[in-house]
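In what follows, a structure is listed as structure tokens, so that the remarks can point back to it.
Both counts, for ligands and for their atoms, begin at 1 and track the order of listing.
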Amino acid sequence: MFDVESIIRQNVLNLKPYSSARDEFKGEASVFLDANENSFGSPVPLPLGEGLGVGLNRYPDPLQKKLKEKISSIKGVPPQNIFLGNGSDEAIDVLFRIFCEPKVDHVIICPPTYGMYEVSANINDVEVRRINLLPSFELDVERILESFDKHSKLLFICSPNNPTANSFHADDVELLIQKFGGIVVIDEAYINYSRQKSAIRLLTEYENVVVLQTFSKAWGLAALRLGMAFAPQIIIDYMNKVKPPYNINQATQQLAIGALDNIDWVNQHIRETIAGRKKLEDALQQISLVQKIYSSDANFILVKVKEAQATYDYLVSLGIIVRDRSKVALCEGCLRITVGTESENRALLNALNKFQA
Ligand SMILES: *Cc1c(COP(=O)(O)O)cnc(C)c1O
């Protein structure tokens with residue numbers, strides 16, 4: 001059986017976490033003079049009103065219990081297996097701080113992939129080992145299995161992957177979980193647009209899996225900064241010890257609960273985005289500048305064009321911004337295009353059609 005604590009840093013194992021006023025008193029009370037807050041209130045109200053008298057003047061729930069209950073009922077994951085971060089980015093950083101000894105341990109990433117894993121590694125002074133995807137954009141399972149050792153603490157798998165837009169084979173991912181000696185972090189920022197099942201189902205079977213999801217994409221709340229991690233309870237407990245005590249502010253907790261009550265809006269726009277993706281793919285196929293359209297399981301399309309830099313610059317000159325990925329491993333000549341609204345997609349297509357003329 002995999003022993004999570006055997007790969008956690010000693011300083012984290014020994015850590016006595018900050019104990020806040022809200023941790024030390026949990027019962028019912030009416031007079032709160034324990035946290036040096038402003039008892040008179042706040043100069044602005046919470047966006048959705050103050051409900052049970054908890055305004056912006058009060059410190060928020062450090063463990064976000066109400067919000068986790070809501071997420072739990074939608075995701076089918078118990079609250080004790082959920083961590084919330086100030087964006088997925090915070091969950092990624094917290095994992096580095098728990099598992100990776102600077103200058104000693106390393107992590108494995110599979111380029112081309114999301115840039116934040118490497119930035120977070122650099123901030124934490126942790127080495128990054130890169131095992132590129134195969135030309136088919138599949139995981140190079142064999143090379144990953146050959147190359148890890150006892151200092152390989154985290155393996156990042158982004159599925160569907162940014163920027164290649166494909167999901168990885170479930171069998172490959174599960175095999176890596178079985179063989180890898182560290183934690184496999186499966187980033188599912190785009191799972192809502194995918195035909196693949198979430199890796200959340202693997203949490204009941206494996207102790208070394210962390211699944212990341214976010215409110216920034218399908219949930220339409222990128223500005224809020226709210227990311228989710230689903231993991232075995234022992235990992236979640238350490239994540240909660242290491243995070244800043246009040247990392248999710250009260251307005252965010254309240255707004256996210258409001259969003260979870262409005263899941264129909266989210267599902268409708270997922271369907272619209274997937275339909276828009278198909279339409280955009282078909283239309284891009286007709287443009288001679290376009291050399292290849294990679295199959296997408298996400299809300300963006302990776303497109304190979306004849307002159308990526310010139311195309312990008314031309315689109316910018318018209319106020320249309322896509323992502324130039326042409327300098328990234330295996331993505332030579334590629335632009336990453338987010339599926340927008342119908343009129344945004346049309347503006348893009350009109351521009352591209354003019355550029356080829
Ligand atoms: C957009 C994105 C995220 C989201 O990060 P947040 O910090 O939650 O906004 C995470 N992972 C990948 C691969 C992404 O593309």
Problem - Heavy-atom gap Arg225 to ligand 1 smaller than 4.0 Å - result: yes
Practice task
Would you indicate which of Asp187, Leu221, Thr214 comes nearest to atom 10 (C) of ligand 1 when only heavy atoms are counted?
Solution key: Asp187
Practice task
Mind checking whether Asp89 contacts ligand 1 via backbone (N, CA, C, O), side chain (CB onward), both or neither, at a 4.0 Å heavy-atom cut-off?
Solution key: both
Completion exercise
of all protein heavy atoms, closest to atom 2 (C) of ligand 1 is Lys217 NZ, 2.4 Å
Problem - Heavy-atom gap Cys158 to ligand 1 smaller than 4.0 Å - result: yes
Handout entry: Side chain, backbone, both or neither: Ser216 near ligand 1, heavy atoms under 4.0 Å
Key = side chain
Problem - Verify same cluster id: Leu203, Ile183 (apolar side-chain graph, 4.5 Å) - result: no
Problem - For Leu176, the option from Ile186, Ile108, Ile157 that meets side-chain contact (heavy atoms from CB on, under 4.5 Å) - result: Ile157
Problem - Side chain, backbone, both or neither: the part of Met116 lying under 4.0 Å from ligand 1 by heavy atom - result: neither
Practice task
For the residue pair Glu174 and Asp171, establish whether any side-chain heavy-atom pair is separated by less than 4.5 Å.
Solution key: no
Problem - Within-cut-off N or O pair, Tyr190 and ligand 1, under 3.5 Å - result: yes
Exercise for the section: Answer yes or no: does atom NZ of Lys279 have more than 12 heavy-atom neighbours from other residues, nucleotides or ligands under 6.0 Å? Expected result: no
Name every donor-acceptor pair, under 3.5 Å, that has one atom in a side chain of residues 326-339 and the other anywhere in the protein, sequence neighbours excluded.
from: Ser326; atom 1: OG; to: Asp324; atom 2: OD1; distance (Å): 2.6
from: Lys327; atom 1: NZ; to: Gln309; atom 2: OE1; distance (Å): 3.3
from: Arg336; atom 1: NH1; to: Asn162; atom 2: OD1; distance (Å): 2.8

Handout entry: Ligand-residue contact atoms, ligand 1 with Ala189, heavy atoms, under 4.0 Å
Key = 2 (C), 3 (C), 10 (C), 11 (N), 12 (C), 14 (C)
Exercise for the section: Compare all side-chain heavy atoms of Pro102 with those of Arg9 and state whether any distance is below 4.5 angstrom. Expected result: yes
Practice task
Would you mind listing every ring-ring contact (aromatic ring centres under 6.0 Å, His included) that reaches into residues 307-348, with sequence neighbours excluded?
Solution key: Tyr314-Phe355
